[in-house]
Amino acid sequence: MSDDDLTMLDCSLATLRGRKVLFVMAAEAEYGAALKARIRPLMTGVGPVEAALGTGIALHALQAAGHLPDLVVSLGSAGSRSLEQGAVYQVASVSWRDIDASPLGFAKGVTPFLDHPVDTPLPAPIPSLAAARLSTGANIVSGAAYDAIDADMVDMETFAVLRACQRFSLPLVGLRGISDGAADLHHYDDWATLLHVIDAKLADAVDRLEITIDSGLLAL
């Protein structure tokens, strides 16, 4: 990794009440004016592979430079047909819906030979923000596909970011705004219409997180 890359990563580290925080997002479309006024996130690209690679490489480089963060925050959009559209939720737990080694006797959702539960709890420290269970996978979920998912909302990155964080023994907080799910998805605008609303509410959640860190409700 070049010196320029390290400088960019250092710029992505926010300081909230004396704690170093790395914010991780997938797509520029989710990063609107309200968030731009507060944070400079690490952009990984869309999906679990890109998220795991981007986060893992960044954390390795930051560790080598002696700048490992105290906390990582995964934030962006999510789908749900049961939660309020346009609202933001903390991630209460995250699962990986793609992994299924059940023909070999492993529980669906568990990676063979790794000691992790189907649902991994995450800190949900912001008292004024509701929490919901999240499922991560490589597919866009729409319509009847929700029937097979045991979670309140879906995304494509958070479990992958969690696995990278676990390699470095770092805590992860997830913040997700519901962009779609009430109706079937047919084109890009079905996802993008509420992103400006979610941007403002995610920015407010970042402000609340800072207050939470200052109050000691999140142990770091």
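Note that these values count all heavy atoms, side chains included, but never hydrogens, waters or copies made by symmetry.
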Could you give the side-chain donor-acceptor pairs of residues 195-203 under 3.5 Å, partners two or more places apart or in another chain?
from : atom 1 : to   : atom 2 : distance (Å)
H196 : ND1    : T193 : O      : 3.2
D199 : OD1    : G32  : N      : 3.1
D199 : OD1    : L35  : N      : 3.1
D199 : OD2    : A33  : N      : 3.3
D199 : OD2    : A34  : N      : 2.9
K201 : NZ     : G86  : O      : 3.4

Give every donor-acceptor pair under 3.5 Å between a side-chain atom in residues 138-150 and any protein atom, sequence neighbours left out.
from : atom 1 : to   : atom 2 : distance (Å)
N139 : OD1    : R97  : NE     : 3.0
N139 : OD1    : R97  : NH2    : 3.2
S142 : OG     : L185 : N      : 2.8
Y146 : OH     : S80  : N      : 3.2
D147 : OD1    : R81  : NH1    : 3.1
D147 : OD1    : R81  : NH2    : 2.2
D150 : OD1    : R133 : NH1    : 3.2
D150 : OD2    : R133 : NH2    : 3.4

Distance-only donor-acceptor hits, side chain of residues 160-171, under 3.5 Å, sequence neighbours excluded:
from : atom 1 : to   : atom 2 : distance (Å)
R163 : NH1    : Q166 : OE1    : 2.6

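Evaluated for a side-chain hydrogen bond (donor to acceptor under 3.5 Å, both in side chains) with T136, the options D98, D155, T158 yield exactly one hit, D155. In summary, of the residues considered (D207, I126, V173), a side-chain contact (heavy atoms from CB on, under 4.5 Å) with T212 occurs for I126 alone.
Tracing side-chain contacts under 4.5 Å through hydrophobic residues (I, L, V, M, F, W, Y), one never reaches I178 starting from M156; they form parts of separate clusters. Placement of M25 and L175 within a single hydrophobic cluster is found when ILVMFWY residues are connected by side-chain heavy-atom separations under 4.5 Å, directly or transitively. Hydrophobic clustering, with ILVMFWY side chains joined whenever heavy atoms are under 4.5 angstrom apart, groups L129 together with V73. L172 and V154 are members of different hydrophobic clusters when ILVMFWY side chains are connected at heavy-atom separations under 4.5 Å. V46 and L42 are members of different hydrophobic clusters when ILVMFWY side chains are connected at heavy-atom separations under 4.5 Å.
With a 4.5 Å cut-off on side-chain heavy atoms, P127 and L217 count as touching. Between I39 and V21 there is no side-chain heavy-atom pair separated by less than 4.5 Å. L75 has its side chain within reach of V206: a pair of non-hydrogen atoms, C-beta onward, lies under 4.5 Å apart. The shortest distance between side-chain heavy atoms of L71 and R19 does not fall below 4.5 Å.
The CZ atom of F23 sits 10.5 Å away from atom CG of L13, with the distance rounded to the nearest 0.5 Å.
Side chain of S179 to backbone of A78: a donor-acceptor contact under 3.5 angstrom is found. A distance-only check finds no donor-acceptor pair linking the side chain of E157 to the backbone of S74 [under 3.5 Å]. A donor-acceptor distance shorter than 3.5 angstrom exists from the side chain of R208 to the backbone of S128, with no hydrogens or angles considered.
Judged as a side chain to side chain donor-acceptor pair (under 3.5 Å), the pairs with a partner in residues 103-114 (not counting sequence neighbours) are, in order, T111-H116. Under the side chain to side chain donor-acceptor pair (under 3.5 Å) criterion, the residue pairs touching residues 21-37 are E30-S77, with sequence neighbours excluded.
Nearest heavy-atom pair, T44 versus A26, reported as atom, atom and distance to 0.1 Å: OG1-CA, 3.9 Å.
For A92, the side-chain contact (heavy atoms from CB on, under 4.5 Å) criterion is met by A131, not counting sequence neighbours.
Between W96 and F159, the ring planes are parallel. Angles under 30° get that label, and only those over 60° would be called perpendicular.
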Exercise. Where do L83 and D152 land on the side chain to side chain contact (heavy atoms under 4.5 Å, CB included) test, with the steps shown first?
Worked result: CA-CA 7 Å; L83 299 177; D152 305 304; 4.0 Å; yes

For this session: Might you work through the side chain to side chain contact (heavy atoms under 4.5 Å, CB included) test for L209 and I213, ending with a clear yes or no?
Result: CA-CA 6 Å; L209 178 63; I213 292 172; 4.2 Å; yes

